[in-house]
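What follows is one structure encoded as structure tokens, with my remarks underneath.
What's counted below: heavy atoms across the whole structure, side chains too, no hydrogens, waters or symmetry copies.
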Amino acid sequence: MKVLIVDDEKHVREAIRYFVPWDKYNISAIYEATNGQEATRVMQEHQPAIVFTDMRMPLMDGAELLEWLHKHYPNTKTIVISGYQDFNYVKPAIVYGGTDYLLKPLNSKQLIASAEHAFKLWMEEEAVRKQSQRQNMQLNVLRPLYWDKVLSDLVYGHASFQELKLALSEELGMPIGAASCRVAVISMQGADCRLLQRFHGDVALTAFVLANVCNEVMAPDYSGYAFRSWQSGGELVILLWNAVQQAETVLNGVNESIRKAYGVQVDIGLSLLNPLPEGLQPAFAQARQGLEERNLLQRDGRIHLCRADGEESRPEEDYALDMELDKLRIAVLSGDLERMERVVEEWARELAGLPLLTESSFLHQQEEICAVLKRWRPEEEISLELCYDSQGLFSVENWESQLKALLQRLSKGSSQAQGSRLVLEIREYLNQNYAQEMTLQHIAERFFISRENVSRKFKQITGENLSDYLTSLRVDKAKTLLQNTNLRLSQIAGLVGYEDEKYFSRVFKKSTGMTPREYRKQEEEG
């Protein structure tokens with residue numbers, strides 16, 4: 001049994017350590033934290049059974065910690081130690097199942113009694129939980145679900161391998177002396193065109209069927225076991241402990257069986273060889289990495305190995321994502337659907353011609369595109385999927401069609417709203433580029449609309465002429481420089497977008513009623 005003491009006062013933590021008879025209850029480890037945020041990290045890493053916590057702490061207080069524990073570790077027993085009797089402090093302890101509420105300064109007898117009560121309560125409940133687990137294991141109908149949960153906890157570091165070692169051997173055929181492992185992760189997305197359709201979009205059922213296929217292939221040699229990850233929804237995980245050197249052969253056999261049964265193959269990420277049990281979590285992360293870094297444009301080979309430490313990464317895509325996004329953003333602001341579609345077509349050609357397009361980088365592109373479109377139409381639901389063809393392979397053509405369809409739907413929005421967003425973008429552009437040469441024609445070309453439309457829309461939305469806005473912006477920037485620097489007037493003129501100092505002075509005086517020198521002198525005297 002492990003214990004966590006959470007208090008920002010060191011002497012309180014030391015008092016708890018001193019008074020409680022830890023050895024009597026076989027406490028294996030005592031951890032400390034000075035606030036709730038540190039406590040959550042300790043819980044995730046070590047899963048203590050008993051938590052002593054203060055209520056008033058920085059960053060994350062006791063009430064927030066109790067709520068978090070109740071949600072993520074409901075079996076944990078909590079003892080609140082506080083210097084306050086206020087109901088607002090007592091209430092969270094009651095609501096989230098605290099076993100006791102002690103007031104500072106600590107009374108040693110009360111502290112010991114509360115601790116022993118929590119220890120006994122946890123051990124009683126743990127005995128019931130273990131009994132329940134043993135009963136569930138005897139029910140064949142629940143066996144796959146049980147192992148889905150147990151193995152999910154194992155690869156996420158939420159379960160003890162040593163406690164499960166015997167059951168893994170007896171139930172799944174893992175050798176007691178198994179010293180190494182590899183983990184594979186199957187992408188459900190690549191199979192959605194046929195498998196999910198066949199099972200009416202039911203991800204859980206699809207994963208269950210795929211797991212059965214995998215386990216049938218591995219059963220004769222006790223190669224490993226496939227299970228559905230509880231933490232990540234439809235992700236299918238394969239834990240391999242036999243013939244780990246031949247893991248690719250085993251997984252190719254799995255894929256061939258899936259192809260024969262359902263006419264489609266799936267992408268599988270495969271980890272490096274890792275020690276068992278300490279390498280389970282790294283292996284799981286490596287398998288996911290193999291999937292995330294796979295080349296979506298690759299048409300052959302469905303087993304994707306992760307990179308070894310020190311291995312050079314593959315070259316990134318040789319095109320500028322920012323440039324494509326900028327083209328899309330400007331096309332969207334123009335409100336011209338044909339222009340938007342041409343940008344998408346150009347983007348698709350760029351993607352199709354790349355030597356490498358990883359899933360992780362492409363998902364990042366999807367997020368950036370959705371952000372551009374969400375800014376355009378914030379009231380609309382906007383999402384993009386990874387598009388696959390009938391073979392379960394990524395399809396640039398299908399992605400292009402999906403994005404065009406989305407743009408067609410979004411383009412039906414209000415022209416007034418589009419005009420407002422366009423003017424907002426123009427103002428932001430001026431705010432960032434006021435120091436550059438700026439003409440109405442330049443802005444019109446930048447945003448793909450006529451000079452007349454630029455001026456009209458800006459005046460219609462803001463009530464101010466665009467040229468007046470730019471002049472006011474430049475004069476305000478000049479005022480700041482005059483007030484806070486000793487720069488010459490010629491330098492300030494250049495910094496705010498005027499090459500000619502005399503012209504700058506005339507503009508400044510027309511706007512403020514005084515010359516730049518007069519303004520600077522007034523500010524210095526004031």
Side-chain angles (χ1 to χ4, degrees), residues 185-203 206-207 210 233-236 251-252 255-256 258-269 288-304 314-321 323-325 327-328 331 337-338 340-373 381-411:
V185 174
I186 290 182
S187 167
M188 298 295 292
Q189 290 177 314
D192 65 358
C193 299
R194 292 192 181 179
L195 287 182
L196 281 178
Q197 288 177 9
R198 176 172 294 197
F199 297 107
H200 308 289
D202 190 328
V203 174
T206 306
L210 279 181
E235 200 168 53
L236 196 69
L251 296 176
N252 280 321
N255 234 344
E256 180 61 19
I258 295 172
R259 187 195 63 78
K260 288 180 179 178
Y262 303 107
V264 66
Q265 291 194 327
V266 294
D267 288 295
I268 307 177
R288 283 179 145 184
Q289 177 193 344
L291 270 183
E292 292 170 358
E293 295 185 353
R294 76 185 189 275
N295 188 356
L296 292 176
L297 302 175
Q298 178 179 315
R299 308 303 291 179
D300 55 351
R302 307 304 290 270
I303 312 301
H304 308 281
R314 296 179 294 181
E316 287 296 324
E317 295 79 359
D318 57 357
Y319 76 104
L321 171 60
M323 183 181 299
E324 300 297 336
L325 284 169
K327 290 178 183 177
L328 178 62
L337 178 59
E338 290 186 5
M340 297 181 215
E341 291 182 335
R342 287 198 296 272
V343 170
V344 173
E345 291 168 0
E346 178 186 332
W347 199 328
R349 287 194 296 272
E350 289 284 344
L351 293 179
L354 292 175
L356 170 67
L357 180 63
T358 64
E359 182 186 72
S360 57
S361 67
F362 189 70
L363 288 175
H364 173 65
Q365 290 186 41
Q366 301 277 68
E367 292 174 359
E368 295 291 335
I369 292 170
C370 287
V372 169
L373 299 182
E381 182 177 340
I382 297 173
S383 64
L384 289 169
E385 304 294 335
L386 277 173
C387 295
Y388 294 88
D389 59 20
S390 60
Q391 301 302 313
L393 295 167
F394 174 72
S395 167
V396 174
E397 293 79 9
N398 290 350
W399 173 80
E400 178 184 343
S401 298
Q402 174 193 214
L403 183 50
K404 282 184 175 180
L406 177 58
L407 289 171
Q408 290 168 6
R409 175 169 67 84
L410 297 179
S411 67

Q | By side-chain hydrogen bond (donor to acceptor under 3.5 Å, both in side chains) - contacts of E341 (at least two apart) | A | Q408
Q. What residues, two or more places apart in sequence or in another chain, satisfy salt bridge (Lys or Arg N to Asp or Glu O under 4.0 Å) together with R349?
A. none
Q: Sequence neighbours left out, what passes side chain to side chain contact (heavy atoms under 4.5 Å, CB included) with E338? Give chain and number order.
A: D336, R342
Q. Which distance, rounded to the nearest 0.5 Å, do you find between the CG of L373 and the OG of S411?
A. 11.0 Å
Q.
Could you work out, with salt bridge (Lys or Arg N to Asp or Glu O under 4.0 Å) as the rule, every residue matching E346, not counting sequence neighbours?
A. K327
Q) Any side-chain heavy atom of V266 within less than 4.5 Å of one from N255? A) yes
Q) Just by distance, do the side chain of R409 and the backbone of L406 share a donor-acceptor pair under 3.5 Å? A) no
Q | Contact summary for H304 and G290, nearest pair of heavy atoms | A | CB-O, 3.4 Å
Q: Assess whether side-chain contact (heavy atoms from CB on, under 4.5 Å) is satisfied between D267 and L296, documenting all intermediate values.
A: CA-CA 10 Å; D267 288 295; L296 292 176; over 6 Å; no
Q. Between Q366 and W399, is a side-chain contact (heavy atoms from CB on, under 4.5 Å) present by the stated rule, with each step listed?
A. CA-CA 10 Å; Q366 301 277 68; W399 173 80; 2.9 Å; yes
**Q.** Gap separating the CG atom of N295 from the CZ atom of F394, nearest 0.5 angstrom
**A.** 10.5 Å
(Q) Once side-chain hydrogen bond (donor to acceptor under 3.5 Å, both in side chains) is applied, do any residues pair with Q402, and if so which ones, sequence neighbours excluded? (A) none
**Q.** Heavy-atom side-chain contact between L357 and Q365 under 4.5 Å
**A.** yes
Q.
Measuring only between side-chain heavy atoms, which start at C-beta, is L236 closer than 4.5 Å to T206?
A. no
Q: Please identify each residue that fulfils side chain to side chain contact (heavy atoms under 4.5 Å, CB included) with S401, with sequence neighbours left out.
A: none
**Q.** Any side-chain heavy-atom pair of L325 and W347 under 4.5 Å
**A.** yes
Q: Kindly write out the residues that satisfy salt bridge (Lys or Arg N to Asp or Glu O under 4.0 Å) with E345, not counting sequence neighbours, or none if the list is empty.
A: K404
Q.
Looking at every heavy atom in both Q265 and E256, which two are closest together, and how far apart are they?
A. NE2-OE1, 4.0 Å
Q) Do V343 and L403 have side-chain heavy atoms sitting under 4.5 Å apart? A) no
Q. Does the side-chain contact (heavy atoms from CB on, under 4.5 Å) test come out yes or no for E367 and I369, once each step is laid out?
A. CA-CA 5 Å; E367 292 174 359; I369 292 170; over 6 Å; no
Q.
As a quick check of understanding, evaluate side-chain contact (heavy atoms from CB on, under 4.5 Å) for L351 and L354, giving each step before the final call.
A. CA-CA 5 Å; L351 293 179; L354 292 175; 4.0 Å; yes
**Q.** Atom of L291, atom of I186 and distance for their closest heavy-atom approach
**A.** CD1-C, 4.3 Å
